[in-house]
> 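Okay, handing you the structure first.
When a ligand or atom number is given, it counts from 1 through the structure's own listing order. Values below: all heavy atoms of this structure, side chains included; hydrogens, waters and symmetry mates excluded.
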Amino acid sequence: MAATFLLFLIPIIPLSLLTILSLITRPRPIKIPIKSRHVFITGGSSGIGLALAHRAASEGARVSILARSASKLEEAKESIKLATGVEVSTFSADVRDYDAVSKAVEESGPVDVLIVNQGVFTAKELEKHSVEDVKFIIDVNLVGSFNVVKAALPGMKARRGGACSIALVSSQAGQVGVYGYAAYSASKFGLQGLAQSLQQEVIADDIHVTLVFPPDTDTPGFEEEQKSRPEVTAIIAASSGSMKTEEVARKALDGIKAGKFTVSCNFEGFLLALATTGMSPQRSFWLAFLEIITAGPIRLVALFFQWDWYNAIEKWSKTKTHSKQLTPSSD
Ligand SMILES: NC(=O)C1=CN([C@@H]2O[C@H](COP(=O)(O)OP(=O)(O)OC[C@H]3O[C@@H](n4cnc5c(N)ncnc54)[C@H](OP(=O)(O)O)[C@@H]3O)[C@@H](O)[C@H]2O)C=CC1
Ligand SMILES: CCCCCCCCCCCCCCCC(=O)[C@@H](N)CO
């Protein structure tokens, strides 16, 4: 008798938790339509941005892309025309130049879905990074993102055509610090603060913020980065594997359309999102439930990853010291 009563009681606890969560998770779930809407993508001439432009165009959106190099923009326009028949609008501007960005956004017309994707990355120990390099990374990735959002926001707020979206392309290095990414990680962690604050400010205007966290992705930018990336950076990044550009773009656009605040791109990214969720908004009560029941165990998994990474760093720095001793010093 007591046993059957207990058996009956067990599911009551998770069920009442789920019920509470379904009532309190905010912001509420939302869908963002793409078809026949204006999608504006920065860094849309290469890599993830270009793949996003292809996808948005093939799903029937009106697409604008912005980047610095006019010739790369022209090439991108041609390739999208060829693949989808859609004529995208191109804007040559540097995101660090607020006036130029503002002019481009104005010319393009009110934006429904803004995808802030431009980014630069060189992996190097901070000691070897010049102050100019650090400033460049922060300026393009973080300050540039502020410029783009600020330029597009008034037009988006004035729009009365249904739910709008502002998506920011971060990186898994925007969820956890990684050797060689001091400047880059800082620029991407900054987007988390921007996104959380912004979501509270624009929710009343039916604008919904998304943060995308890709792992290593086989883009032209990544190919360049790999030429000089420290070995340890590559080892740590390999914990999350690498993805095809088109696959990342698909995950990102699906996440934007589903109105998710956080979009992870692979299984490791999903674990990373659980481990770093902190005070992030959560629209799904199912995911909120999962965050609660995995909170302790996922911390253990995170500590194992740190253990593994610090072991790799230790091993690597020992071989470096060793080679230092073998090389005759010149001073
Ligand atoms: N590839 C990867 O492994 C990963 C990438 N990411 C992020 O994804 C985003 C896209 O990266 P990816 O596709 O690899 O990069 P690419 O280097 O392939 O493309 C970058 C795009 O951004 C544009 N861009 C760069 N600087 C500026 C600027 N100052 N003003 C305007 N446009 C600019 C480039 O055009 P132009 O040079 O002509 O201006 C280009 O269109 C970045 O934010 C990156 O941090 C995140 C995780 C992993
Ligand atoms: C709790 C469980 C944790 C799960 C595993 C976490 C693995 C994290 C690895 C971090 C990889 C960072 C890649 C950065 C890619 C990038 O942005 C550069 N290519 C520049 O573009």
> Against heavy atoms of Ser171, which atoms of ligand 1 measure under 4.0 Å?
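In order of numbering, the contacting atoms are 46 (C), 47 (C).
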> Tell me whether Lys318 is salt-bridged to Glu314, with the criterion being a basic N under 4.0 Å from an acidic carboxylate O.
yes
> Considering both backbone and side-chain atoms of Gln172, is one of its nitrogen or oxygen atoms within less than 3.5 Å of a nitrogen or oxygen in ligand 2?
no
> Indicate the ring-plane relationship of Tyr179 and Trp316, choosing parallel, tilted or perpendicular according to the 30° and 60° boundaries.
perpendicular
> Given Asn117, Leu52, Ile48, Leu191, which one has a non-hydrogen atom that is nearest to atom 9 (C) of ligand 1?
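Selected option, by shortest heavy-atom distance: Asn117.
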> Identify, for atom 31 (C) of ligand 1, the protein heavy atom at the shortest distance, and state residue, atom and that distance.
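Nearest protein contact, heavy atoms only, for atom 31 (C) of ligand 1 is Ala93 O, 3.5 Å.
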> Which heavy atom of the protein is the closest neighbour of atom 23 (C) of ligand 1, given with residue, atom name and distance?
Gly43 CA, 3.6 Å
> At what distance is the nearest protein heavy atom to atom 12 (P) of ligand 1, and which residue and atom is it?
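Result for atom 12 (P) of ligand 1: Thr219 OG1, 3.6 Å.
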> Asp218 and Thr245: side-chain donor and acceptor closer than 3.5 Å?
yes
> Salt-bridge test for Arg55 and Glu246: reply yes if a basic N is under 4.0 Å from a carboxylate O, no otherwise.
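Between Glu246 and Arg55 there is no salt bridge, as every charged N stays at least 4.0 Å from the carboxylate O atoms.
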> Applying the 4.5 Å side-chain criterion to the ILVMFWY set and letting contacts propagate, would Ile65 and Ile48 be lumped into a single cluster?
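Yes: a chain of side-chain contacts under 4.5 Å links Ile65 to Ile48.
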> Does ligand 1 have a heavy atom under 4.0 Å from the side chain of Ser170, from its backbone, from both, or from neither?
backbone
> Considering non-hydrogen atoms of the protein only, which is the closest contact for atom 32 (N) of ligand 1, and what is the distance?
Ala67 CA, 3.6 Å
> Could you name the option among Ser240, Pro214, Ala100, Ser242 that has the heavy atom nearest to atom 47 (C) of ligand 1?
Pro214
> Are Asp139 and Arg96 within salt-bridge range, i.e. N to O under 4.0 Å?
no
> Counting heavy atoms only, name the option from Met243, Arg68, Glu225 that's nearest to atom 37 (O) of ligand 1.
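Minimum heavy-atom distance to atom 37 (O) of ligand 1 goes to Arg68.
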> Check the angle between the aromatic planes of Tyr181 and Tyr184 and answer parallel, tilted or perpendicular using the 30° and 60° thresholds.
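Because their plane-to-plane angle lies in the 30° to 60° range, the rings of Tyr181 and Tyr184 count as tilted.
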> Would you say Ile256 ends up clustered with Ile207 if hydrophobic residues are merged whenever their side chains have heavy atoms under 4.5 Å apart, either directly or through other cluster members?
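In one cluster: no.
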> Got the closest protein heavy atom to atom 16 (C) of ligand 2, with its distance?
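For atom 16 (C) of ligand 2, the nearest protein heavy atom comes out as Ser171 OG, 3.5 Å.
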> Nearest to atom 3 (O) of ligand 1, what protein heavy atom do you find, and at what distance?
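The closest one turns out to be Thr217 N, 2.8 Å.
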> Mark up the atoms of ligand 2 that fall under 4.0 Å of a heavy atom belonging to Ala275, in ascending order.
1 (C)
> How about Gln282 and Thr25: does a side-chain donor come under 3.5 Å of a side-chain acceptor?
no
> Find all atoms of ligand 2 within a distance of less than 4.0 Å from any non-hydrogen atom belonging to Phe305, and give their numbers and elements.
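Matching atoms, with element in brackets: 2 (C), 3 (C), 4 (C), 5 (C).
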> I need the nearest protein heavy-atom contact for atom 33 (C) of ligand 1: residue, atom name and distance, please.
Gln118 CB, 3.8 Å
> For atom 11 (O) of ligand 1, find the nearest protein heavy atom and state the residue, atom name and distance (0.1 Å precision).
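Nearest neighbour among protein heavy atoms for atom 11 (O) of ligand 1, to 0.1 Å: Phe121 CE2, 3.9 Å.
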> Just to confirm my output: which protein heavy-atom neighbour is closest to atom 6 (C) of ligand 2, and how far is it?
Leu272 CD1, 4.0 Å
> Atoms of ligand 1 less than 4.0 Å from Gly47 heavy atoms?
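Heavy-atom distances to Gly47 below 4.0 Å select 13 (O), 18 (O).
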> Check ligand 1 against Val140 and write out every atom of the ligand that is under 4.0 Å from a heavy-atom position of the residue.
26 (N), 29 (N)
> Give the atoms of ligand 2, by number and element, whose distance to some non-hydrogen atom of Phe222 is under 4.0 Å.
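What qualifies from ligand 2 is 19 (N).
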> Need the ligand 1 atom indices (1-based, order shown) with element for anything under 4.0 Å from a heavy-atom of Asp94.
28 (C), 29 (N), 30 (N)
> For Ser239 versus Phe305, what's the shortest heavy-atom pair and its separation?
CB-CE2, 3.7 Å
> Nearest non-hydrogen atom to atom 19 (O) of ligand 1 belongs to which of Gly119, Ser45, Ser46?
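Minimum heavy-atom distance to atom 19 (O) of ligand 1 goes to Ser46.
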> Ala302 heavy atoms, cut-off 4.0 Å: which ligand 2 atoms fall inside?
1 (C)
> Does the N or O separation between Gly221 and ligand 1 drop below 3.5 Å for any pair?
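Yes; at least one N/O pair falls below 3.5 Å.
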> Identify whether the distance between the nearest side-chain nitrogen and carboxylate oxygen of Arg229 and Asp216 falls below 4.0 Å.
yes
> Would you say Gly144 touches ligand 1, if touching means a heavy atom closer than 4.0 Å?
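It does not, in that no heavy atom of Gly144 comes within the 4.0 Å cut-off of ligand 1.
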> Any heavy atom of Lys188 closer to ligand 1 than 4.0 angstrom?
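Flag set, Lys188 near ligand 1.
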> Strictly by modelled atom types, are Glu268 and Ser240 linked by a side-chain donor-acceptor pair under 3.5 Å?
no
> For ligand 2, note which part of Gln175 has a heavy atom under 4.0 Å away: side chain, backbone, both or neither.
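Looking at Gln175 and ligand 2, no heavy atom falls under 4.0 Å.
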> For the pair Glu132 and Lys135, evaluate salt bridge (Lys or Arg N to Asp or Glu O under 4.0 Å) and give the outcome as yes or no after the intermediate values.
CA-CA 5 Å; Glu132 289 74 30; Lys135 197 169 172 307; over 6 Å; no
> Could you pull out, from Thr122, Asp216, Thr233, Asp218, the option with a heavy atom nearest to atom 15 (C) of ligand 2?
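Comparing heavy atoms across Thr122, Asp216, Thr233, Asp218, the nearest one to atom 15 (C) of ligand 2 lies in Asp216.
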> Cluster question for you: counting only ILVMFWY and a side-chain heavy-atom cut-off of under 4.5 Å, with indirect links fine, are Leu142 and Leu198 together?
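Same cluster.
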> Ignoring hydrogens, just give me the one of Tyr184, Phe213, Phe136 whose non-hydrogen atom is nearest atom 6 (N) of ligand 1.
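It is Tyr184 whose heavy atom sits nearest to atom 6 (N) of ligand 1.
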> How about Asn311 and Gln306: does a side-chain donor come under 3.5 Å of a side-chain acceptor?
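Judged by distance alone, the side chains do not pair up.
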> Considering heavy atoms of the protein only, find what lies nearest to atom 18 (C) of ligand 2 and give residue, atom and distance to 0.1 Å.
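Here the closest protein heavy atom is Tyr181 OH, 3.1 Å.
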> Does CZ belonging to Arg28 count more than 12 external heavy atoms closer than 6.0 Å?
no
> For ligand 2, which atoms have a heavy atom of Leu271 less than 4.0 angstrom away?
2 (C)
> Is there a chain of hydrophobic side chains (I, L, V, M, F, W, Y, each step under 4.5 Å between heavy atoms) that links Val169 to Val143?
no
> What atoms in ligand 2 come closer than 4.0 Å to a heavy atom of Tyr184?
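Near Tyr184, meaning under 4.0 Å from one of its heavy atoms, ligand 2 has 16 (C), 17 (O), 20 (C), 21 (O).
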> Check this for me - ligand 2, Glu225, N or O atoms closer than 3.5 angstrom, yes or no?
yes
> Do Glu87 and Lys81 sit within salt-bridge range, that is, some charged N less than 4.0 Å from a carboxylate O?
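Salt bridge: yes.
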> Which ligand 2 atoms does Glu268 reach within 4.0 Å, using its non-hydrogen atoms?
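Result: 4 (C).
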> Quick check: does Phe222 get an N/O under 3.5 Å from an N/O on ligand 1?
no
> Specify the protein heavy atom at minimum distance from atom 38 (O) of ligand 1: its residue, its atom name, and the distance to 0.1 Å.
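In this structure, atom 38 (O) of ligand 1 has Ser69 N, 2.8 Å as its nearest protein heavy atom.
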> Going by distance alone, is a donor N or O of one side chain under 3.5 Å from an acceptor N or O of the other, for Ser71 and Ser69?
yes
> Less than 4.0 Å is my threshold; does some heavy atom of Val169 fall inside it relative to ligand 1?
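Val169: in contact with ligand 1 (<4.0 Å).
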> Under 4.0 Å, heavy-atom basis, I'd like to know which part of Gln172 is in contact with ligand 1: side chain, backbone, both or neither.
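Neither; nothing of Gln172 gets under 4.0 Å from ligand 1.
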> If we only count heavy atoms from C-beta on, is the Leu303 to Trp307 side-chain gap below 4.5 Å?
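Sidechains of Trp307 and Leu303: no contact.
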> Flag the pair Lys103 and Glu106 as a salt bridge only when some basic side-chain nitrogen lies within less than 4.0 angstrom of an acidic carboxylate oxygen.
no
> Look at the side-chain heavy atoms of Ile, Leu, Val, Met, Phe, Trp and Tyr, link any pair under 4.5 Å apart, and say whether Val301 and Ile236 land in one connected group.
yes
> Identify, for atom 11 (C) of ligand 2, the protein heavy atom at the shortest distance, and state residue, atom and that distance.
Ala237 CA, 3.8 Å
